[in-house]
Amino acid sequence: MTPIGSPDASDSAALSTVQLNAHWVRVRDRLRAEVGDVEYSTWLKQIVLGPLEEDEIALLLPSRFLRDWVRGQYGDRLQNLWQTECPVVRRVELQVQRGGTTAASSATSGPEAAQPEEDAPPATPATPEVRNDLAVPLDPRFTFDTFVVGKPNEFAYACARRVAEKPSSAGFNPLFLYGGVGLGKTHLMHAIGSELTRDGRVSVAYMSAEKFMYRFIAAIRSQSTMEFKEQLRSVDVLMIDDLQFLIGKDNTQEEFFHTFNALVDAGRQIVVSADKSPSDLSGLEDRLRTRLGCGMVADIHATTFELRISILEAKANASHVSVPTKVLEFLAHKITSNVRELEGALNRLIAHANLFGRPITLENTQEVLHDILKAHDRRVTIEEIQRKVAEHWNIRLTDMSSARRARAVARPRQVAMYLAKQLTSRSLPEIGRKFGNRDHTTVMHAVSRVTELMEQDVSFAEDVELLRRMLEG
Ligand SMILES: Nc1ncnc2c1ncn2[C@@H]1O[C@H](COP(=O)(O)OP(=O)(O)OP(=O)(O)O)[C@@H](O)[C@H]1O
């Protein structure tokens, strides 16, 4: 893929919609940093990216008043920022968006309340896939090409690819991706979105569940819920990230449930991600959980050493910096929790090497990353948990993996499983394997049983808390 802003992107035809959106995100961020949040929200938030024709980029505003104001106050600055960010763009044309659907709808006062104008010049839609203000520019780095596939994520990857190739196919709607923090759920969702919007075939809306809720609340406040609903229901593909955020937010869940049904009934595709499977998302309404589990549910498991190495290799290659295999292995051994942290550590090493012009070695890796490595050294292992729990209840360590079911043994074993889930980043199947090859459902049962018992029995809860504190050291 052509890197954004690379010299290869020398003419407007070479710029894909995704690249253009990425430039726009950066221009906007810079402008926001310069003018501050308040000024930005008052005047600039409502600008929508329009088409690029030759060297002129169109930016659309919902009213003539706002267009004139932005042109007078920020026109030059926008032009300079665009030229720096993307030299292909030489001119910025501020236009009034026909119908003004984007932001005038949620405006309550101030310039946002200005009415869209009938006599405004007809503007081409922002980009083919951006239908209204629901679509968030997708991160151009998160594509299928940059996603490294291995055992823990191959199923989720295959499902995501399938949805990107054939949205709304039977058995894959909704697609529910779940897994621990930083394991690639968002990356896969963006990859689906980028693929689908590549040639403007399909309109995609992607947002976090949190954003979904805030937009819903804003729509209620501005009495524009009908419009919000219509916007949501007009997309071909709706993707909601981190759905667990809706736990306990009953009204938003209700809204999401109806949107979900309307879209699926109309043959549109839904993609959802969360940190747990639908059945484990207690706190979500039963009917919603049931519907979420009706399509394809794909788990992204914790990374293996091999996958971590492959990811590091891919990222090191992409950065064109030589990183010795020993260093990659060292990082893959030390940073096991999630890919985001792994990537962060590698990026820091690369930045350091570039800054000081020094090659990366094992010695300077330890020096540069000493704080990250120290934090990881303190992480508890399942073996430690088993040892501490066995000592505490005076049972044999081997009983952690034995088949004995007597309560005196089974209960401490359940506590150890519970603590393993709480204190390590291991997946349920991995924890099960460490406890005498037990199934992940046994671990799930242990976690919910211990949670339940802690609520019922104060002294048991104190025991578990004490163990946790000892282990966390
Ligand atoms: N298999 C992979 N190949 C390449 N990069 C990956 C992979 N898995 C994760 N990453 C990278 O790790 C980072 C974190 O991934 P992502 O944001 O998708 O995680 P997530 O599962 O959505 O996490 P969260 O639960 O915090 O929302 C991203 O930069 C992503 O590109």
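Just so you know, ligand 1 is whichever comes first in the structure, and atom 1 is the first atom listed for that ligand.
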Heavy atoms from other residues, nucleotides or ligands near CG of N251 exceed 12 (cutoff 6.0 Å): no
How many angstroms lie between atom CD of Q269 and atom CG of L175, to the nearest 0.5 angstrom? 6.5 Å
Compute both the distance and the angle, then confirm whether R287 meets the cation-pi test with F257: under 6.0 Å from the six-membered ring centre, within 45 degrees of the axis. yes
Does a salt bridge link E329 with K326, judged by any charged N lying under 4.0 Å from a carboxylate O? no
Of all the atoms in ligand 1, which lie at a distance below 4.0 Å from a heavy atom belonging to V181? 23 (O), 25 (O), 26 (O)
Which of the listed options, R340, E341, K315, holds the heavy atom that is closest to atom 26 (O) of ligand 1? R340
From the options K249, R233, R215, select the one residue that forms a salt bridge (charged side-chain N to carboxylate O under 4.0 Å, His left out) with E255. R233
In ligand 1, the atoms that come under 4.0 Å of a heavy atom of N153 are 1 (N)
If you measure every N or O of G184 against every N or O of ligand 1, does any of those distances drop under 3.5 Å? yes
Starting at CG of D275, measure out to CG of L183 and round the result to the nearest 0.5 Å. 11.0 Å
Which ligand 1 atoms are under 4.0 Å away from a heavy-atom of D242? 27 (O)
Among non-hydrogen protein atoms, atom 22 (O) of ligand 1 lies closest to T186 OG1, 2.6 Å
I'd like to know whether ligand 1 has G182 as a neighbour, heavy-atom separation below 4.0 Å. yes
How far is atom 18 (O) of ligand 1 from the closest protein heavy atom, and which atom is that? H187 N, 2.8 Å
Backbone or side-chain N or O of V148 under 3.5 Å from ligand 1 N or O: yes
Protein heavy atom at shortest distance from atom 13 (C) of ligand 1: E343 OE1, 3.4 Å
Would one find an N or O of L183, backbone or side chain, under 3.5 Å from an N or O of ligand 1? yes
Among all protein heavy atoms, pick out the one at the shortest distance from atom 10 (N) of ligand 1; state its residue, atom name and that distance to 0.1 Å. V339 CG1, 3.3 Å
NZ/NE/NH1/NH2 to OD/OE distance under 4.0 Å, D29 and R26: no
Among all the protein's non-hydrogen atoms, which is closest to atom 25 (O) of ligand 1, and how far away is it? K185 NZ, 3.0 Å
With a 4.5 Å limit on heavy-atom distance, are the side chains of T186 and Y206 in contact? yes
Assign the ring pair F260 / F256 to parallel, tilted or perpendicular, where the plane angle (0 to 90°) is split at 30° and 60°. perpendicular
Using distance alone, determine whether F147 and ligand 1 share an N or O pair under 3.5 Å. no
Between R468 and E465, does any NZ, NE, NH1 or NH2 come within less than 4.0 Å of an OD or OE carboxylate oxygen? yes
Check contact between T146 and ligand 1, using heavy atoms of the residue and a distance below 4.0 angstrom. yes
